[in-house]
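Input: a single structure, listed below in structure tokens.
Note that ligands are numbered from 1 as they come in the structure, with each ligand's atoms numbered from 1 the same way.
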Amino acid sequence: MTKINMSSPDLTDAERQAVANVLDTPILSMGQYVKDFEQAFCDRTGAKHAIAVNSGTAGLHLCVRAAGIGAGDLVITTPFSFVASSNVMLFENAVPVFVDIDPRTGNIDPELIKDAVENVEKYLPRKGAKADAPIKAILPVDVFGQPADMDPIMAIAKEHDLTVIEDSCEALGAEYKSRPAGMLGDFGVFAFYPNKQITTGEGGLVITDNDEYADYMRALRNQGRAPGDTWLQHTYLGYNYRLDEMSSALGAVQISRLDELLDKREQVAGWYEERLSEIQGVETQIVESFTTRMSWFVYVVRFDASIDRDALAQKLIARGIPVRPYFAPIHLQPYMVERFGYRRGDFPVTEDLGNRSLALPFSGVMSEEAVNQVCHIIAETIR
Ligand SMILES: *Cc1c(COP(=O)(O)O)cnc(C)c1O
């Protein structure tokens with residue numbers, strides 16, 4: 001039996017050499033490698049600006065600051081995501097206003113966004129928000145590597161003059177109606193933790209076409225130093241969100257291999273799809289027709305309500321198959337409950353998917369044999 005990991009980075013000698021090359025120079029931060037990495041993103045996506053940072057969360061936080069989202073402001077977003085997409089509002093004492101998701105894709109439901117923009121009082125949390133606070137932005141998430149349905153979202157945003165921050169941290173390389181994920185809103189954010197489609201160890205990046213936002217975010221990531229500031233001059237309250245040269249060099253090789261990496265992930269997803277479709281009670285990911293390219297991030301299945309997901313997960317783990325419930329709804333995290341008074345039942349579609357979903361071991365370097373083994377054990381355990 002081969003050892004099966006939840007996820008694995010896909011690294012070659014080119015990445016190892018690129019990092020070693022940086023170590024032969026005295027410049028380990030704020031050098032040419034980060035500029036080259038950013039340029040590769042502009043080339044790939046067509047964005048005017050790319051701002052590399054040291055995590056996806058940092059990238060999302062810079063977008064919140066650049067969009068002028070502050071204390072008490074409302075931002076419409078999804079509770080079916082990784083916590084970072086909502087936490088960045090809390091960093092500024094702004095309020096995430098959750099709306100439920102499309103049960104097919106797990107992405108935020110544009111119809112509900114429209115209703116929330118027009119009747120926000122119906123969607124405010126029980127506490128922690130003011131009824132007359134302004135709605136500033138929409139923050140959709142491209143869940144599991146599939147873009148949110150962005151055309152209707154952008155139409156609502158345009159009508160009501162709202163900023164859109166697209167959390168594409170799970171969807172690098174995905175395409176919506178042949179347009180790249182991350183380019184569909186005012187900002188797009190990517191992340192490079194080792195389980196993502198490309199990795200820099202830790203890292204993230206923001207793309208935008210807006211010159212002013214880009215300058216401001218570059219200043220904020222570098223301790224608030226505006227263009228022309230000296231090392232000890234700080235025009236703004238900023239952060240150290242810089243990405244170092246080793247990570248940037250690694251990332252530049254990874255992004256140059258993106259199509260290869262995505263093709264391998266797609267092949268593994270295809271093996272899963274084929275094997276799992278034969279097992280009763282297991283539903284695989286729906287890919288919508290507007291998703292002209294899926295960028296497989298995780299491989300998440302849903303079990304029929306008749307199957308005890310948690311008991312199944314425990315049995316799989318006991319047999320050496322790492323699996324993870326995915327996502328745990330954000331509104332039910334303890335600090336969210338305490339701050340906003342959310343309760344079970346508030347977002348039924350999110351909770352239902354949260355209860356029935358399981359992420360299986362997945363990466364581009366996973367062998368067909370390993371996929372067979374996982375599927376075989378799932379079938380056996382369900383029986
Ligand atoms: C990975 C991820 C992020 C960013 O994660 P970091 O660990 O901060 O790089 C943000 N949002 C979503 C939906 C993610 O999956």
### Task
Determine whether the side chains of R275 and N372 contain a donor N or O and an acceptor N or O closer than 3.5 Å.
yes
### Message
Looking at ligand 1, is there an atom of it that comes within less than 4.0 Å of some heavy atom belonging to E202?
### Response
no
### Message
Quick test of your reading of the structure: of G56, G145, S85, whose heavy atom lies closest to atom 9 (O) of ligand 1?
### Response
G56
### Query
Judged by modelled atom types alone, do N21 and Q17 share a side-chain donor-acceptor pair under 3.5 Å?
yes
### Query
Is any NZ, NE, NH1 or NH2 atom of the basic residue among K264 and E260 found under 4.0 Å from an Asp or Glu carboxylate oxygen of the other?
yes
### Query
Does S81 come within less than 4.0 Å of ligand 1, judged by its heavy atoms?
yes
### Protein heavy atom at shortest distance from atom 15 (O) of ligand 1
E170 OE2, 2.6 Å
### Task
Quick one: look up the protein heavy atom nearest atom 11 (N) of ligand 1 and list residue, atom name and how far away it is.
D167 OD2, 2.8 Å
### Task
Could you tell me which atoms of ligand 1, counted from 1 in the order shown, lie closer than 4.0 angstrom to a heavy atom of V141?
13 (C)
## Note on the structure
Residues passing the side chain to side chain contact (heavy atoms under 4.5 Å, CB included) test with P322, sequence neighbours excluded, are I4, M6, P361
#### Entry: Sidechain N-carboxylate O distance under 4.0 Å for D308, R356
no
### Query
By number and element, which atoms of ligand 1 are closer than 4.0 Å to a non-hydrogen atom of K196?
1 (C), 2 (C), 3 (C), 14 (C), 15 (O)
### Query
Under 3.5 Å, is there a donor-acceptor pair linking the side chains of S295 and Q197?
yes
### Message
Using a 4.0 Å cut-off to any heavy atom of A191, which atoms of ligand 1 qualify?
### Response
4 (C), 9 (O)
Would you mind writing out the side-chain donor-acceptor pairs for residues 63-74 within the sub-3.5 Å range, not counting sequence neighbours?
residue, atom, partner, partner atom, Å
R65, NH1, L237, O, 3.1
R65, NH1, Y239, OH, 2.7
R65, NH2, Y216, OH, 3.0
R65, NH2, L237, O, 3.3
D73, OD2, G70, N, 2.8
D73, OD2, K136, NZ, 2.8

### N or O pair under 3.5 Å between T57 and ligand 1
yes
